[in-house]
Protein chains: 2
Amino acid sequence: MVSAPLTAERPGTDSKERLRLWIRLLRASRSIESELRERLKRDFGSTLPRFDVMAALYRETGGMAMTDLSRFLLVSNGNVTGIVDRLVADGYVARSKREGDRRTSIVRLTAAGREIFARMAEAHEAWVDELLAGVGEMEARELSSKLKAFRSDWEG
Amino acid sequence: MVSAPLTAERPGTDSKERLRLWIRLLRASRSIESELRERLKRDFGSTLPRFDVMAALYRETGGMAMTDLSRFLLVSNGNVTGIVDRLVADGYVARSKREGDRRTSIVRLTAAGREIFARMAEAHEAWVDELLAGVGEMEARELSSKLKAFRSDWEG
DNA sequence: CGCAGATATTTCAAGTATGAAATTTTAATG
DNA sequence: CATTAAAATTTCATACTTGAAATATCTGCG
């Protein structure tokens with residue numbers, strides 16, 4: 001939901017303020033996401049989900065199992081299958097089998113994938129820097145740690 | 001992208017810190033969104049996009065044009081068409097024409113829609129309150145205003 | 001060994017999501 | 001008044017997304 005609180009306030013609760021925070025959070029991330037998606041498409045003919053997958057694989061040089069990938073990206077496993085399929089078709093990702101366990105399939109970036117991704121990551125970082133230009137380093141650090149904190153409250 | 005900074009740091013920039021902030025922001029909103037989606041489905045057999053549309057229409061008693069709806073929700077107009085179609089099929093939303101302009105179609109909640117939505121909104125607010133329980137009112141207020149601020153920097 | 005249960009992945013149906021093209025209607029201008 | 005540009009929606013192709021069901025494989029226990 002991307003609007004303002006709608007129900008009547010009960011006394012003794014901060015729920016309205018938290019709701020407002022959530023809405024702002026959501027709107028902020030949606031606007032930024034949408035801007036990044038647009039630029040990724042314009043400059044690289046790619047998408048955000050593809051970027052996410054490649055980013056995860058970029059740092060895991062040895063490759064990742066599909067399950068680990070989906071857990072890390074916070075998306076369903078069925079979802080990752082499709083995105084990886086398309087990346088494989090484009091020659092940016094390769095699948096392989098793990099010794100001793102034929103269930104697990106390890107995916108990793110190809111040389112072409114690493115090369116392309118390095119360029120995308122550089123642009124991406126500059127874009128984020130531009131889009132969040134209004135946030136100073138100190139402030140970014142603060143916000144960052146608060147966001148980290150309130151998430152770990154209800155997740156493991 | 002939902003991981004940590006990947007490229008080398010240039011001296012004299014806060015870009016790494018901003019990138020980290022963006023990643024945290026994204027991960028936070030994704031986790032919360034996913035939890036809310038699950039509960040909305042479990043308790044009401046509904047979805048987040050439907051909730052968003054209904055929330056917008058709930059406050060605009062007179063109804064909204066499709067374009068205004070899509071602009072407000074930050075999603076494409078083609079997208080809104082489909083969601084509204086399904087809400088209409090369920091009897092929660094009605095379309096009507098505006099006097100004098102046959103292009104514009106005004107959509108509004110039906111009585112059934114208002115009734116259902118009121119219950120969903122109440123549950124939704126309680127969920128958000130629960131999920132953000134770690135954030136005090138003061139802190140929520142602070143975070144909120146910072147989020148609002150850094151968005152308006154690059155959007156109109 | 002044999003087989004119930006756990007794991008890893010894919011497949012599938014349904015619902016989002018975007019951006020571009022097509023439609024329909026209105027407004028503006030010569 | 002006719003034509004052209006603008007505006008509001010819908011349609012369409014493609015990609016993403018989830019959650020559940022189907023497959024295939026592995027593990028542990030009797």
Side-chain angles (χ1 to χ4, degrees), chain A residues 1-2 26 29-31 33-42 44-54 63-90 92-93 95-107, chain B residues 1-2 26 29-31 33-42 44-54 63-90 92-93 95-107:
Chain A
M1 133 131 136
V2 197
L26 191 49
S29 65
R30 280 194 190 170
S31 332
E33 226 175 327
S34 139
E35 186 66 27
L36 291 176
R37 172 178 40 247
E38 213 173 299
R39 298 184 184 198
L40 219 38
K41 179 172 189 181
R42 184 195 60 193
F44 297 97
S46 190
T47 68
L48 229 27
R50 285 158 92 108
F51 183 86
D52 290 354
V53 166
M54 293 179 85
M64 286 177 90
M66 296 296 279
T67 297
D68 297 336
L69 203 42
S70 89
R71 230 193 306 271
F72 179 69
L73 297 175
L74 308 177
V75 300
S76 68
N77 43 4
N79 186 4
V80 176
T81 297
I83 298 168
V84 166
D85 280 351
R86 285 181 283 273
L87 285 172
V88 168
D90 289 346
Y92 297 150
V93 164
R95 286 184 219 253
S96 59
K97 283 296 174 190
R98 179 154 67 193
E99 288 283 314
D101 191 340
R102 273 174 304 184
R103 291 171 304 180
T104 311
S105 98
I106 302 293
V107 290
Chain B
M1 142 132 126
V2 197
L26 191 50
S29 65
R30 280 194 189 168
S31 331
E33 227 176 325
S34 140
E35 185 67 27
L36 292 176
R37 172 178 40 247
E38 213 172 299
R39 297 185 185 196
L40 218 38
K41 179 171 190 181
R42 184 195 59 193
F44 297 96
S46 190
T47 67
L48 229 26
R50 285 158 93 108
F51 183 86
D52 290 354
V53 167
M54 293 180 85
M64 286 176 91
M66 296 297 279
T67 298
D68 297 337
L69 203 43
S70 88
R71 230 192 308 270
F72 179 69
L73 297 175
L74 308 177
V75 300
S76 66
N77 42 5
N79 185 5
V80 176
T81 297
I83 298 168
V84 166
D85 280 351
R86 286 181 282 271
L87 285 171
V88 168
D90 290 348
Y92 296 149
V93 165
R95 287 184 218 252
S96 59
K97 284 296 173 190
R98 179 155 66 193
E99 289 283 312
D101 190 341
R102 272 175 303 185
R103 290 172 303 182
T104 312
S105 97
I106 302 294
V107 291

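Just so it is clear, the structure is predicted and the values come from calculations on it, not from any experiment. Residue numbers start from 1 in every chain, and the chains themselves are labelled A, B, ... in the order their sequence lines are given, proteins ahead of strands. Just so you know, these numbers use all the heavy atoms, side chains as well, and skip hydrogens, waters and symmetry mates.
Within the structure, every side-chain polar atom (N or O) of A/N79 is placed at least 4.0 Å from both OP1 and OP2 of D/dC16. Put simply, A/N77 has no side-chain N or O that comes within less than 4.0 Å of OP1 or OP2 on C/dT9. Residue B/R102 places none of its side-chain N or O atoms closer than 4.0 Å to OP1 or OP2 of C/dT24. Applying the 4.0 Å criterion to OP1 and OP2 of C/dT9, one finds that A/T67 has a side-chain N or O inside that range.
Proximity note for B/P49 (side chain, C-beta onward) versus D/dC16, C/dA17, D/dT9: the nearest is C/dA17. In this structure, the nucleotide among D/dG19, C/dT26, D/dT25 sitting nearest to the side chain of B/D101 is C/dT26. When distances are taken from the side chain of A/R86 to each of C/dT16, D/dA15, D/dT10, the shortest belongs to D/dA15. Listed nucleotides D/dT17, D/dC26, D/dT18 differ in distance to A/V75; the shortest reach to its side chain belongs to D/dT18.
Residue B/T47 is in sugar-phosphate contact alone, with no base atom involved, counting any heavy-atom pair closer than 4.0 Å across all strands shown. Counting non-hydrogen atoms under 4.0 angstrom, A/R95 reaches the backbone sugars and phosphates but no base. Residue-level contact check: B/T81 touches the bases, meaning some heavy atom is under 4.0 Å from a base atom. Here B/G100 lies in heavy-atom contact (under 4.0 Å) with sugar-phosphate atoms only. A/T104 comes within 4.0 angstrom of the backbone, heavy atoms only, and of no base. Residue B/R42 is out of contact with every strand shown, counting any heavy-atom pair closer than 4.0 Å.
Listed here is the closest heavy atom pair of A/R30 and B/L73: NH1-O, 3.8 Å. Taking each heavy atom of B/T104 and B/A65 in turn, the nearest pair found is CG2-CB, 3.8 Å.
Between the CZ atom of A/F72 and the P atom of C/dA8 there is a distance of 18 Å, given to the nearest Å. Remark: P of C/dT16 and CG of B/L87 are 8 Å apart, rounded to the nearest angstrom. Atom pair A/R39:CZ and C/dG19:P shows a separation of 14 Å (rounding to whole Å applied). Look at CG on A/D85: it is 14 Å from C1' on C/dC12, rounded to the nearest Å. The nearest whole Å value for the distance from the NZ atom in B/K41 to the P atom in C/dA13 is 15 Å. Taking atom CZ of residue B/R71 and atom P of nucleotide D/dT9, one finds them 10 Å apart after rounding to whole Å. Residue B/E99 contributes atom CD, which lies 16 Å from atom C1' of C/dT26 at whole-angstrom precision. In this structure, A/L69 places its CG atom 15 Å from C1' of D/dC16, rounding to the nearest Å.
Comparing B/S34 and A/G82 against DNA chain D, the residue whose closest nucleotide sits nearer the 5' end is A/G82. Across the interface with DNA chain C, nearest-nucleotide mapping of A/G78 and A/R98 shows A/R98 to be the residue nearer the 5′ end. Positionally, the nearest nucleotide of DNA chain D for B/S105 lies more toward the 5' end than for the other of B/E38 and B/S105.
Salt-bridge formation is not detected for the pair B/R37/B/E33: no Lys NZ or Arg NE/NH1/NH2 atom is positioned less than 4.0 Å from an Asp or Glu carboxylate oxygen.
A/R103 contributes no side-chain N or O that forms a donor-acceptor pair with the base of D/dA24 under 3.5 Å.
Between A/S46 and A/K41, the closest side-chain pair of non-hydrogen atoms is not below 4.5 Å. Counting heavy atoms from C-beta outward, A/L87 and A/V107 have side chains that stay 4.5 Å or more apart.
One distance of note links CG of B/L36 with CG of A/L26; it measures 9.0 Å at 0.5 Å rounding.
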